[in-house]
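All remarks here apply to the structure that follows.
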Amino acid sequence: MYKHIFNSVLLAVTAASSFAQNAPTIIPIETRQNVLVLQTDKDNHLEITYFGKKLSQPAEYKLIPSQSRQRDGNAGIYNSAYTPAGTWNVSEPALQLTHGDGNKSLDLVYVSHNMAKENDNVSLTSIVLKDPVYAVEVTLFYKTYFQENVVEQWSVIKSEEKKPVTLQKYASANLYFIAKDYYLTHYNGTWAKEMNPEEEQLTAGIRVLDSKLGTRANLYQPPSFSLSFDKPATETEGKVLLGTLAWSGNFKMEFEVDSYHNLRLIAGINPYSSEYPLASKQEFKTPSFIYTFSENGKGEASRNLHNWARKYRILDGEGTRMTLLNNWEATYFDFNESKLSELFKDGKKLGVDLFLLDDGWFANKYPRNGDGAGLGDWQENVKKLPNGIGYLVKEAQKTGIKFGIWVEPEMVNPKSELYEKHPDWVIKQPQRPEHYMRNQLPLDLSNPEVQDFVYGILDKLFTENPEIAYIKWDCNATTFNPYSAYLEKSKQSQGKLYVDYVKGLYKVLEKLRAKYPKVPMMLCSGGGGRVDYEALKYFTEFWPSDNTDPLERVFMQWEYSYFFPSIAQSAHVTDWGKQPLKFRTDVAMMGRLGYDIVVSHLDEKDLQFSQQAVVNYNAVKDVIFQGDLSRLVDPKKNDYAALMYAAKNKSKAILFSYLVGNRNGDGSDTPIRLEGLDAAKNYKVRELNLYPGTKSAIKEDQVYSGEYLMTAGFNPVVNARRTSVVLEIEAM
Ligand code: GLA
């Protein structure tokens with residue numbers, strides 16, 4: 001196909017004829033580096049005329065449409081800022097609905113806009129659009145985080161029609177890009193195989209990323225992607241957008257290369273089986289689509305997101321995190337009070353802050369001794385824990401360690417008292433056989449009674465044991481047979497179930513956080529089945545995968561790191577994989593460090609190494625959590641990986657490097673250019689986490705300038721004898 005050559009990637013659009021008659025309204029949505037320009041056409045339809053690097057003279061934005069290549073009947077359709085269905089638009093819509101009288105047509109014209117500054121950094125632009133015929137109004141919201149170059153975008157749909165309107169499709173964001181070509185990196189996976197990236201060049205038509213799984217929505221695909229313009233971006237070069245939908249349920253993102261070879265993006269809740277009624281004067285607020293754009297590659301783009309997430313999104317994102325010992329892989333369901341007391345002592349010996357009691361502590365009629373029974377019955381199992389949780393909290397404290405606990409409050413095993421008592425609380429089809437994942441079913445969180453029940457589980461734990469210092473919140477099944485007895489009984493549409501489930505979950509979390517604002521909480525979903533920026537308002541961290549093989553984690557954590565900062569990634573040292581303890585520990589140190597091993601099985605050297613590693617970690621974790629991440633050597637393209645975190649003040653950096661290949665001679669032969677240091681400062685390099693009895697290959701008394709390390713580079717000397725290396729680079 002013939003391609004125009006543009007000197008700037010994300011140029012302009014809109015038919016020249018369309019704006020000539022009226023003075024158009026131009027709305028630039030600006031961050032420090034970028035801009036999204038919206039503009040009305042002669043019919044007052046709102047279009048996207050430019051996206052990309054911002055101009056120093058905003059007055060020039062109005063010149064952009066005259067450079068457009070769109071001059072036929074689709075002008076002003078493809079680049080609509082929020083594409084309505086059923087009138088002039090014949091392409092994929094952002095909003096599709098049926099009016100109270102059954103009519104399916106919608107038009108949206110610009111009415112007004114407003115820009116409010118929340119503070120020096122955060123502004124909210126709202127744009128009101130209205131249907132000239134029907135009483136339907138849409139407000140588009142663009143919240144900008146200026147310094148971080150992040151935009152959070154959502155819409156609010158409101159009807160004043162007498163009869164209820166039915167929403168068929170209600171996207172969060174509708175964007176439009178112009179470039180020579182588009183390269184989409186998306187992720188696929190399943191249990192213990194999360195975050196496998198695939199990059200593809202988008203061709204004409206619509207490429208869809210979606211989930212219809214309900215709960216555990218991200219099991220096969222997360223709502224996060226990266227999109228490069230012109231050519232695939234690297235870490236340091238190229239135009240790239242990182243996008244993610246803040247929604248813990250079904251999502252749909254459509255990437256449509258149109259007939260001008262421009263790219264339309266429509267992202268939001270998945271319309272699949274989710275026709276949503278909207279009563280008169282009611283509003284529907286869509287989830288947020290969050291994105292950042294960089295002209296300097298994926299490294300800068302992901303640092304934008306990290307800076308934003310720590311400051312504005314993740315609970316306690318600018319705080320710190322505790323180290324912990326988890327008993328899941330050490331005991332599975334098989335434990336009792338005395339065994340746990342020994343584990344508390346092990347945790348103390350290791351030097352971690354907290355002990356995390358995992359699955360298996362509850363249920364009596366159908367004891368939770370495996371994953372086939374007991375889920376839903378949140379009373380301590382009297383055989384395993386005759387003295388209850390309170391006793392364990394005290395025992396742990398006596399040992400000098402905090403106590404945390406696992407829950408899976410949204411789920412039920414059919415073999416449970418809860419199921420016997422409240423079959424109508426369970427999501428299932430009344431006339432069909434039940435279908436399970438991990439022998440369980442989700443509870444119906446669209447039901448306010450179920451919301452109270454779920455809240456009550458946590459509230460009771462905290463009320464009875466105010467010292468509980470950590471929660472792991474799990475969610476292990478997807479939604480089969482979607483049907484709500486509650487919606488049926490209250491004469492509401494079944495189309496609400498998928499959406500109201502997620503809203504119900506957020507209501508519970510909101511209430512919980514109002515009463516318990518600080519307790520750290522891990523977002524887990526049979527591994528990484530639920531990782532998004534709406535849930536992370538309530539959680540301090542997430543569990544990336546049950547797969548803790550450190551070699552796998554080098555790859556997985558790398559991919560998650562495009563979207564989420566290290567402070568939010570839990571990483572545990574376990575017995576998975578064939579790598580030595582040092583390798584396993586080094587990899588887990590790139591996140592919130594935990595252990596899930598039998599400490600008493602460690603030999604003297606392993607124990608000594610681990611104790612020292614916890615001390616080392618505590619000394620540098622602030623740099624890992626709050627520093628600037630640079631991914632230096634990609635394990636997918638090389639036989640080793642390297643990445644580093646540099647403190648914002650450039651006084652210290654931590655570099656991690658791992659051998660991932662196993663052919664003869666694999667490893668780092670040449671220096672790597674470091675990033676994030678001060679060229680004018682002098683640094684010394686010291687090796688951390690040396691295994692007892694081994695010597696470093698690094699000359700620790702040598703002084704290097706920042707310029708040297710970032711230009712000539714540094715070789716961490718990773719090879720078959722040194723398969724993982726952690727370096728501390730400290731300014732003198
Ligand atoms: C899920 C979690 C695990 C563990 C088990 C307990 O699989 O991902 O970490 O908590 O549940 O049953």
Side-chain angles (χ1 to χ4, degrees), residues 189-195 213 215-220 222 248 324-335 340 343 354-363 366-378 381 384-385 403-416 436-442 457-458 461 468 470-478 520-531 535 539-550 552-553 556-557 560 568-577 584 588 591-598:
T190 183
W191 177 77
K193 279 179 186 278
E194 288 87 344
M195 292 303 273
L213 301 177
T215 43
R216 207 175 174 177
N218 309 156
L219 180 59
Y220 304 136
S248 315
L324 61 81
L325 176 65
N326 189 189
N327 70 312
W328 175 237
E329 292 182 19
T331 67
Y332 293 105
F333 297 92
D334 180 22
F335 54 80
L340 291 178
L343 296 183
L354 179 110
F355 177 83
L356 170 61
L357 176 60
D358 215 284
D359 196 355
W361 58 268
F362 50 89
Y366 303 104
R368 182 75 172 165
N369 293 329
D371 61 18
L375 207 52
D377 300 345
W378 298 99
N381 179 280
K384 291 184 202 173
L385 307 176
F403 182 86
I405 195 161
W406 178 97
V407 289
E408 194 180 355
E410 299 159 73
M411 297 280 160
V412 64
N413 283 129
K415 240 179 154 184
S416 70
Y436 310 120
M437 177 176 273
R438 215 190 183 211
N439 313 305
Q440 63 190 58
L441 294 163
I457 298 165
L458 277 297
L461 274 172
I468 286 182
Y470 188 90
I471 296 287
K472 176 176 176 183
W473 179 307
D474 212 338
C475 166
N476 277 297
T478 58
M521 223 159 54
M522 185 211 283
L523 174 64
C524 175
S525 185
R530 184 191 267 169
V531 188
F539 291 85
T540 47
E541 57 218 64
F542 65 89
W543 185 232
S545 176
D546 279 352
N547 186 342
T548 48
D549 177 330
E552 296 279 347
R553 280 294 189 112
M556 265 186 217
Q557 293 174 199
Y560 275 116
Q569 287 204 45
S570 306
H572 293 180
V573 177
T574 72
D575 288 332
W576 281 59
R584 290 183 267 146
R592 197 277 294 126
L593 172 69
Y595 287 81
D596 199 348
I597 50 170
V598 184

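Source: prediction; values computed, not measured. Numbering of ligands and ligand atoms starts at 1, following listing order.
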Tyr220/Trp191 aromatic ring centres below 6.0 Å: no
For ligand 1, the residues whose heavy atoms come within less than 4.0 Å (ordered by chain, then number): Trp328, Asp358, Asp359, Trp406, Arg438, Lys472, Asp474, Asn476, Cys524, Gly526, Gly527, Trp543, Asp546
Whether Tyr560 side chain and Gln569 backbone form a donor-acceptor pair below 3.5 Å: no
Heavy-atom check, side chain of Trp406 versus side chain of Cys524, under 4.5 Å: no
Gln557 side chain reached by Glu552 side chain, heavy atoms, under 4.5 Å: no
Donor on one side chain, acceptor on other, Trp576 and Glu329, under 3.5 Å: yes
Met522 and Trp473: CA distance, side-chain angles, deciding distance, side chain to side chain contact (heavy atoms under 4.5 Å, CB included) verdict: CA-CA 6 Å; Met522 185 211 283; Trp473 179 307; over 6 Å; no
